[in-house]
Amino acid sequence: MTDLEKIAAMPKTEVHLHLEGTISPDTLWAMAARNGIALPVTSLEELKGLYVCENFDKFIKIWLMMCSCLKTEDDYVGMVDGFVADCQRQNIRYAEVHFSAYNHEKFGIGADRAFKVVTRRLQEAEASGGPVTRLITDIPSEAAPESGDFTAAFLEANANPLIVAMGLGGPEAGFPRAPFAPYFDRARRAGYPCVAHAGETAGAEHVRQAVLDLGAQRIQHGIRAVEDEAVLTLLAERRICCDVALSSNACLTGYTDIAKHPIRRMLDAGVPVTLSTDDPPFFGTDLVREYTLANEEAGLSLAELWQINLNGLRYGLADVGLRRRLLLEFEAARNALGIPA
Ligand SMILES: [Zn+2]
């Protein structure tokens, strides 16, 4: 078995993936037609062209357009089923998925209904063999402060069995992390750990704020921490894991060459990282491809990739018993596949 065959076969974790961002152009095209929603394109081919992301502004516009096409419970079920099928195809056993309550209140079927439908479908998938999925409810920064207050109130009012954290998504430019602290404090008081996007399209200062002001336990991306040695040290000393997405970063950040991606410097500095796809159809990728790129272009060995994979469980936010059970399952698979520890 080659290393790439082992990567494809091994059980995997993915902890930085937006559920809405898994919707393929084909699914979106059918959904918009079904719901009578006009898209800014006249053919599926044109829509596929629109999916090719070149910058964050274009990306966020398409992303919001996509959210506005989810209009029925069946649309949400279809989105979850597509995600589950992708996990099964790639042997992704544990996922933490970002799913924004605010956008579905604003554009979709309402946050309560959206979470009920998504939770039920994910639980059914887990009961019938997996993947095991947990949810992170992000504040979309572009709609702050309304989105911050809404998300905190949503978390305070609910005890959804799959929600494991509050997060912060959306654009970084013009949206420093520190002003979101009151919402993160409310979430923590309500019992939720916190994570935050930072250091993707803005610099290391946002990573510092996410750690010090928001108390984030994990950072989505965090790659621009390498631009400030002190921030890199902060992440390493506090063992804050960064959920890296190579293809997403190559499309939306200045780190366009994966051979020069900061992931190697982060690892060398002792910062724990995971690998994910973020929004796979927008970046023409899936998790197997991300691991392959990490191996072939970023130069990470199979043993390093295995540790990165386990970090999804070690730094994951599901309950310890579940993560421990999966760690044992992963260890058995590593032995069977002959992957070096
Ligand atoms: Zn993300």
Side-chain angles (χ1 to χ4, degrees), residues 13-23 51 53-64 66-67 79 83 86-87 92 95-104 133-144 147 151 163-173 175 177 180 184 193-203 206-207 209-211 214 216-225 240-255 261-263 266 273-287 289-290 308 311-312 315-317:
T13 62
E14 175 158 36
V15 295
H16 175 187
L17 174 70
H18 301 266
L19 189 53
E20 303 91 334
T22 63
I23 297 173
Y51 260 61
C53 275
E54 296 124 8
N55 59 62
F56 199 88
D57 284 349
K58 181 183 170 195
F59 168 71
I60 202 79
K61 277 191 192 118
I62 302 166
W63 205 85
L64 289 171
M66 197 170 58
C67 284
M79 173 177 66
F83 157 74
D86 275 342
C87 287
I92 296 170
E96 272 175 31
V97 175
H98 297 257
F99 187 57
S100 143
Y102 178 81
N103 285 340
H104 299 290
T133 307
R134 296 296 178 262
L135 297 166
I136 297 168
T137 305
D138 275 356
I139 300 171
S141 61
E142 73 277 6
S147 58
T151 307
I163 298 178
V164 292
M166 174 190 258
L168 174 59
E172 282 187 76
F175 298 98
R177 311 286 91 176
F180 291 89
F184 280 74
C194 296
V195 303
H197 282 65
E200 177 193 17
T201 53
H206 274 203
V207 178
Q209 289 178 16
V211 174
L214 305 185
Q217 290 181 219
R218 283 206 326 263
I219 304 284
Q220 284 68 60
H221 300 294
I223 58 168
R224 290 185 62 185
I240 306 280
C241 184
C242 291
D243 303 326
V244 170
L246 297 173
S247 294
S248 167
N249 295 157
C251 289
L252 301 183
T253 75
Y255 294 101
H261 189 279
I263 191 168
M266 295 166 87
V273 304
T274 63
L275 271 180
S276 290
T277 56
D278 205 1
D279 306 272
F282 291 94
F283 310 120
T285 197
D286 63 16
L287 191 60
R289 183 170 179 273
E290 293 299 294
I308 283 170
N311 281 345
Y315 296 91
L317 298 166

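Here, residue 1 is the first one in the sequence, and each next residue gets the next number. Values reported hereafter were calculated over all heavy atoms of this structure, with side chains retained and with hydrogens, waters and symmetry mates removed. Source: prediction; values computed, not measured. Atoms within a ligand are numbered from 1 in the order they appear, just like the ligands themselves.
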### Message
Just checking: Asp278, one of its N/O/S atoms, less than 2.8 Å away from the Zn ion (ligand 1), yes or no?
### Response
yes
### Query
Can you tell me if Glu20 uses its side chain to pair, donor with acceptor, with the backbone of His104 under 3.5 Å?
no
### Query
Hey, which of Asp138, Thr137, Asp243 is the one that makes side chain to side chain donor-acceptor pair (under 3.5 Å) with His98?
Asp138
#### Entry: Check: Thr285/Glu290 side-chain N/O donor and acceptor closer than 3.5 Å
yes
### Query
About how large, to 10 degrees, is the angle NE2 of His18, then the Zn ion (ligand 1), then NE2 of His16?
120°
### Task
Report yes or no: does His197 have an N/O/S atom closer than 2.8 Å to the Zn ion (ligand 1)?
yes
### Query
Do His16 and His197 meet the criterion of a side-chain donor-acceptor pair at a distance under 3.5 Å?
yes
